[in-house]
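Read the numbers this way: they start at 1 and go in the same order the structure lists the ligands and their atoms.
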Amino acid sequence: MIPYSCQSINQEDINEVVRVLQSSHLTQGKEVELFEEALCAYLGVKHAITFNSATSALLTAYSVAGISQDDEIITSPISFVATSNMFVSLGAKPIWCDVRLDGNIDETGIEALITPQTKAIVPVDFAGKSVAIEKIKEIAEKHKLLIIEDAAHAFGSSIGGKKVGTFADMSIFSFHAIKPFTTGEGGCVVTDNEEFARQLRLFRSHGIVKKKLWNSDMQSMGHNFRLTEFAAALGRSQLGRLESFIAQREAIARYYDSVFAGHKLFGIIKLPENTRSSRHLYPILLNPSLHCVKEEIFEALQNKGLGVQVHYKPIYQNSFYKECFGEVRLDVAEDFYRSELSIPCHQEMSLEDAAFVAETLLEVLESYKHRACSF
Ligand SMILES: *Cc1c(COP(=O)(O)O)cnc(C)c1O
């Protein structure tokens with residue numbers, strides 16, 4: 001089975017982890033600091049604070065942003081549930097904004113959703129393609145709102161040479177095994193804001209500040225959301241390989257783009273000039289004529305060795321969200337969910353693998369086109 005995404009671990013990565021496992025510090029040593037410095041240098045940000053997952057990074061970012069009971073957060077339903085779960089866990093309410101045909105929040109719909117309770121905008125860079133961040137920043141500045149960007153898919157993405165992570169008040173990345181690069185589990189928040197950075201560090205480690213000798217002081221509420229030293233060493237080693245990962249995913253994506261261009265049964269997502277995507281996912285969008293056979297197509301592809309996946313069921317369709325916040329329907333988000341299929345695109349694949357994926361996909365879709373759905 002060729003998975004839709006997967007990690008790439010080489011001997012150097014393994015050597016780095018083993019080196020740290022044999023050292024005196026498995027946690028709270030120098031490796032996390034070195035990894036955070038490397039993240040800052042790569043992205044061009046002042047502060048990078050690592051966490052044991054992007055989910056804890058999100059919870060921490062929302063907490064230090066002051067998000068609390070009855071605040072409203074404008075966000076996208078086309079994401080992993082953690083994006084909204086973490087502010088809902090603080091008592092805030094999701095205000096769903098519909099998406100564009102590329103799965104990113106439709107920035108033209110944001111302003112109409114703003115109320116006196118609105119506290120922040122939380123966009124998600126779907127598949128690694130940056131949201132319209134400049135427009136979103138204009139809206140946020142006009143209404144004095146924070147932007148907390150869930151960039152879990154987008155490490156290494158950029159606009160006009162500026163990395164995703166340098167635009168929002170705080171940006172969150174994930175280092176889960178199948179994200180753009182990995183520490184096994186892990187994540188970070190990046191920011192240029194000194195005060196946010198200080199509070200992010202405190203919240204990560206019990207709210208404790210070291211005083212003199214044995215004395216320490218717990219100044220604010222905190223958790224243990226720390227990354228281990230060996231995970232940080234793996235992260236630093238992986239970060240050194242990231243450009244080669246993105247180059248391979250880009251080569252595969254461009255190959256798909258050229259083979260799939262103008263196809264009658266499905267569409268692809270184009271990237272604007274002057275941007276780069278991490279290519280975390282390669283989504284295709286099935287035409288409505290195939291929506292009613294999507295489950296059969298999915299199974300047929302899996303049976304032929306393609307580890308396809310669907311990203312994502314709109315978050316508001318989950319039973320927890322229906323019970324807490326009622327029924328929601330957003331036309332483009334629903335349509336996107338019916339159309340979307342993520343096909344294999346990762347750095348462990350060769351262009352021959354990509355050719356096999358493309359051939360198999362076209363063959364399967366052709367075999368279903370006569371079963372066209374009525375709509
Ligand atoms: C993976 C993911 C997360 C959660 O990341 P973890 O590191 O697994 O906690 C959050 N948001 C999005 C959009 C993701 O894809």
> Rounded to the nearest 0.5 Å, how far apart are OG1 of Thr183 and CZ of Arg236?
Replying inline: 14.0 Å

>> Looking only at the aromatic ring of each residue, does the gap between the centers of Tyr321 and Tyr316 stay below 6.0 angstrom?
In response: no

> Do any N or O atoms from the side chain of Asn215 and from the backbone of Lys212 form a donor-acceptor pair under 3.5 angstrom?
Replying inline: no

>> Counting only nitrogen or oxygen atoms and a 3.5 angstrom limit, does Ser79 reach ligand 1?
In response: no

>> Please tell me whether Val164 and Val99 are part of a single hydrophobic cluster in this structure, the criterion being side-chain heavy atoms less than 4.5 Å apart.
In response: no

> In the hydrophobic cluster built from side-chain contacts under 4.5 Å, what are the other members alongside Met221?
Replying inline: Ile208, Met218

> Which residue owns the protein heavy atom closest to atom 9 (O) of ligand 1, what's the atom, and how far is it?
Replying inline: Thr55 OG1, 2.5 Å

> Would you say Gly186 touches ligand 1, if touching means a heavy atom closer than 4.0 Å?
Replying inline: yes

> Looking at Phe80, which atoms of ligand 1 are within less than 4.0 Å of one of its heavy atoms?
Replying inline: 2 (C), 3 (C), 4 (C), 12 (C), 14 (C)

> Hydrophobic clusters join Ile, Leu, Val, Met, Phe, Trp and Tyr when side-chain heavy atoms are under 4.5 Å apart, directly or via other members; which others share one with Val209?
Replying inline: Leu202

>> Quick test: of every protein heavy atom, which one is nearest to atom 11 (N) of ligand 1, and how far off is it to 0.1 Å?
In response: Asp150 OD2, 2.7 Å

>> Considering both backbone and side-chain atoms of Glu185, is one of its nitrogen or oxygen atoms within less than 3.5 Å of a nitrogen or oxygen in ligand 1?
In response: no

> Got an N/O contact under 3.5 Å between Ala54 and ligand 1?
Replying inline: yes

> Heavy atom of Tyr312 under 4.0 Å from ligand 1?
Replying inline: yes

> Should His176 be counted as touching ligand 1, given the test is an N or O pair under 3.5 Å?
Replying inline: no

> Counting from 1, what ligand 1 atoms have a heavy atom of Ser174 closer than 4.0 Å?
Replying inline: 5 (O), 6 (P), 7 (O)

>> Could you tell me if Arg276 and Ser157 have a donor-acceptor pair between their side chains, going purely by distance under 3.5 Å?
In response: no

> Numbering the atoms of ligand 1 from 1, which are under 4.0 Å from a heavy atom of Ala152?
Replying inline: 2 (C), 11 (N), 12 (C), 13 (C), 14 (C), 15 (O)

> Can you check whether Phe245 and Phe181 have ring centres sitting under 6.0 Å from each other?
Replying inline: no

> Any idea which part of Thr83 is under 4.0 Å from ligand 1, heavy-atom wise: side chain, backbone, both or neither?
Replying inline: side chain

> Using 30° and 60° as the class limits, which term best fits the ring planes of Phe126 and His153: parallel, tilted or perpendicular?
Replying inline: tilted

> Among the heavy atoms of Lys179, does any lie under 4.0 Å from an atom of ligand 1?
Replying inline: yes

